[in-house]
Amino acid sequence: MTIAISISSTIGGSGKTTIACMFAHLLSANYKVLALDLCGQCDLSEVLLHDNTVRGTICDVLESGDVASYIVPINENLHIIPGDQWICSSPFKFYIQGYKMPEVVIAMKELLNQAKTAYYDFVVIDTPSTSSKEVFSLSLSISDFAVMTYSPNKLQLIKSWLNKIKYVQDEFNPELRVGGILRTRFNDIEASHIFYNQEACRLYPDYCWNSVFPNSPLFANIDSHSIQKSQVATAFKPVLDEMIFRLLKTRNGIELWQK
C-alpha cells in the first residue's frame, strides 16, 4: 500500500523542500516513489527534473482531471508531477463552479488520490506555504503522515502547525497522522538556536525527532548534481533512517503519537 508523506512548515526557509528532495531521491534507491510538487516555488521540480522537458504541471492535472498523463518519469523508480507557480490559483476554478471551501479541497483531494496507485510505495509531497489555505489543506488531506520542518523561530509556530493538522483531520482526512517535527538549521553556537532547540524538545518530546537536519554547506544549494553525491546521502542518512523507522512503525499499527 502506498504511503504518502507531506513535508510542511509554518516557517519559511526551514529546509522543507530540501528535505522533500532528499526523501524522494534516497527512497527511490529501493522503492517506487512519486514526488508531488504542490509548492508554487517549484524548487522540488527544479532539483529532481534535471534537464527534462515539462509538458504539463500540477495545474494541468487539476484543470483537466487527468493525473496519469502528467506524471513525468525521472528514472525507473522516481517519478514526479511537476509544480506550477500558479498552483495557489487553482482552487478558483472550483469556486467559479459554485463550490464552497470544504468542497474545493475535497474535489481536489479525490482527484489527486488517484496518484496513490499500487505502483508506488511512497508519495513525497512538498507542500505550499500556509498562505494558500486550500492547497495546504489539500497536501495534508492526501497524506498518511505529516512531517514539520522546524528551524529556530517562535515556538507558537509549532502549535499553529499542529492546529492545522487537527483541522485537516477533522474536516478531510481522519487517517492523517503526525509524523513528527524534524528540527533543521540549528547550530550549537547561537544562544537563540540553543534555546529554541531545547524548548521544542521540552514542549514536544514525542514529536521531535532524535535526528536533526544538519546545518551543513553540503545542503546549502542542492541541485540535480549535488544531490547525487555520496557524502550528501551519508550526511542525510540518520534523518532518512529515523523517518522510515517512525513512519513505518506507526503504519504497522504501533501508535507513537496521539492526534
Side-chain angles (χ1 to χ4, degrees), residues 4-9 11-61 70-88 115 120-129 131-132 135-136 139 147-153 182-187 209 211-244:
I5 306 164
S6 60
I7 314 300
S8 60
S9 187
I11 305 168
S14 64
K16 169 180 65 69
T17 299
T18 301
I19 300 296
C21 286
M22 294 302 302
F23 278 159
H25 172 68
L26 294 177
L27 284 170
S28 69
N30 299 299
Y31 302 97
K32 302 288 187 183
V33 179
L34 175 66
L36 179 54
D37 193 349
L38 294 182
C39 181
Q41 291 180 308
C42 308
D43 291 333
L44 180 71
S45 301
E46 182 178 345
V47 172
L48 296 181
L49 276 170
H50 310 293
D51 297 323
N52 290 356
T53 300
V54 175
R55 290 178 292 181
T57 69
I58 184 62
C59 285
D60 294 296
V61 171
Y70 297 102
I71 295 177
V72 179
I74 297 170
N75 56 48
E76 182 180 356
N77 279 2
L78 180 58
H79 298 172
I80 187 171
I81 297 179
D84 193 301
Q85 63 178 334
W86 300 108
I87 177 63
C88 294
Y120 297 110
D121 299 301
F122 290 95
V123 176
V124 178
I125 305 164
D126 186 20
T127 67
S129 69
S131 61
S132 174
V135 184
F136 188 86
S139 68
V147 175
M148 178 187 185
T149 52
Y150 172 70
S151 57
N153 212 311
L182 174 58
R183 288 161 291 149
T184 66
R185 312 296 193 197
F186 282 89
N187 63 52
W209 290 21
S211 55
V212 178
F213 179 61
N215 190 19
S216 166
L218 286 172
F219 302 101
N221 293 291
I222 283 290
D223 57 27
S224 59
H225 300 292
S226 61
I227 200 172
Q228 308 288 335
K229 295 180 178 178
S230 59
Q231 58 265 45
V232 172
T234 299
F236 194 79
K237 189 176 186 299
V239 177
L240 178 68
D241 288 348
E242 183 164 2
M243 185 274 287
I244 293 174

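Only heavy atoms go into these numbers, but all of them, side chains included; no hydrogens, no water, no symmetry mates. Just so it is clear, the model here is predicted, and its values are computed rather than measured.
For D241, the salt bridge (Lys or Arg N to Asp or Glu O under 4.0 Å) test picks out K237, with sequence neighbours left out. T184 meets the side chain to side chain donor-acceptor pair (under 3.5 Å) test with no other residue; sequence neighbours excluded. Every residue two or more places apart in sequence or in another chain that forms a salt bridge (Lys or Arg N to Asp or Glu O under 4.0 Å) with D126 is listed here: K16. Evaluation of the side chain to side chain contact (heavy atoms under 4.5 Å, CB included) rule for A29 yields no partner, not counting sequence neighbours.
Distance check: F236 CZ to C21 SG gives 10.0 Å after rounding to the nearest 0.5 Å. The distance from the CG atom of L48 to the CD1 atom of I74 is 4.5 Å, given to the nearest 0.5 Å. Taken to the nearest 0.5 Å, the CG atom of L36 stands 6.0 Å off from the CG atom of L34. Rounded to the nearest 0.5 Å, atoms CD1 (I19) and OG (S8) are 12.0 Å apart. In this structure, L49 CG and C42 SG are separated by 10.0 Å, a value rounded to the nearest 0.5 Å. From L26, atom CG reaches atom CG of N30 across 9.5 Å, with rounding to the nearest 0.5 Å.
In this structure, the side chains of Y150 and W209 stay at 4.5 Å or more apart for every pair of heavy atoms. You'll find the side chain of L240 reaches within 4.5 Å of the side chain of F23, heavy atoms only. Between S139 and V135 the shortest side-chain heavy-atom distance does not fall below 4.5 Å. Using a 4.5 Å cut-off on side-chain heavy atoms (C-beta onward), I11 and T149 make no contact.
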For this session: Could you please spell out the steps behind the side-chain contact (heavy atoms from CB on, under 4.5 Å) verdict for L27 and M243?
Result: CA-CA 11 Å; L27 284 170; M243 185 274 287; 3.7 Å; yes
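Ring-centre distance between F213 and F219: below the 6.0 Å cut-off.
When every heavy atom of F122 is checked against every heavy atom of I5, the shortest pair comes out as CD2-CD1, 3.8 Å. S211 and L182 make their closest contact through O-CD1, 3.7 Å (heavy atoms, listed as atom of the first residue, atom of the second, distance). Across all non-hydrogen atoms, the minimal contact from R185 to S14 is NE-C, 4.2 Å. The two residues S45 and D37 make their nearest non-hydrogen contact at OG-OD2, 2.7 Å. Looking at every heavy atom in both residues, A24 comes nearest to A35 through CB-CB, 4.3 Å. Between A20 and V124 the shortest heavy-atom distance is O-CG1, 3.6 Å.
One N or O on the side chain of T127 and one on the backbone of I7 form a donor-acceptor pair closer than 3.5 Å.
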Which pairs would a plain distance check flag for residues 225-233, meaning a side-chain donor or acceptor within less than 3.5 Å of a matching protein atom at least two apart in sequence or in another chain?
residue: S226; atom: OG; partner: D223; partner atom: N; Å: 2.9
residue: S226; atom: OG; partner: D223; partner atom: OD1; Å: 3.1

In residues 79-86, what donor-acceptor pairs under 3.5 Å come from side-chain atoms, sequence neighbours left out?
residue: H79; atom: ND1; partner: Y120; partner atom: OH; Å: 2.8
residue: D84; atom: OD1; partner: W86; partner atom: N; Å: 2.8
residue: D84; atom: OD2; partner: T57; partner atom: OG1; Å: 2.6

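Atom CD of Q41 has 12 or fewer neighbouring heavy atoms from other residues, nucleotides or ligands inside a 6.0 Å radius.
Under the 3.5 Å distance criterion, with hydrogens and angles disregarded, no donor-acceptor pair is assigned to the side chains of D43 and T17.
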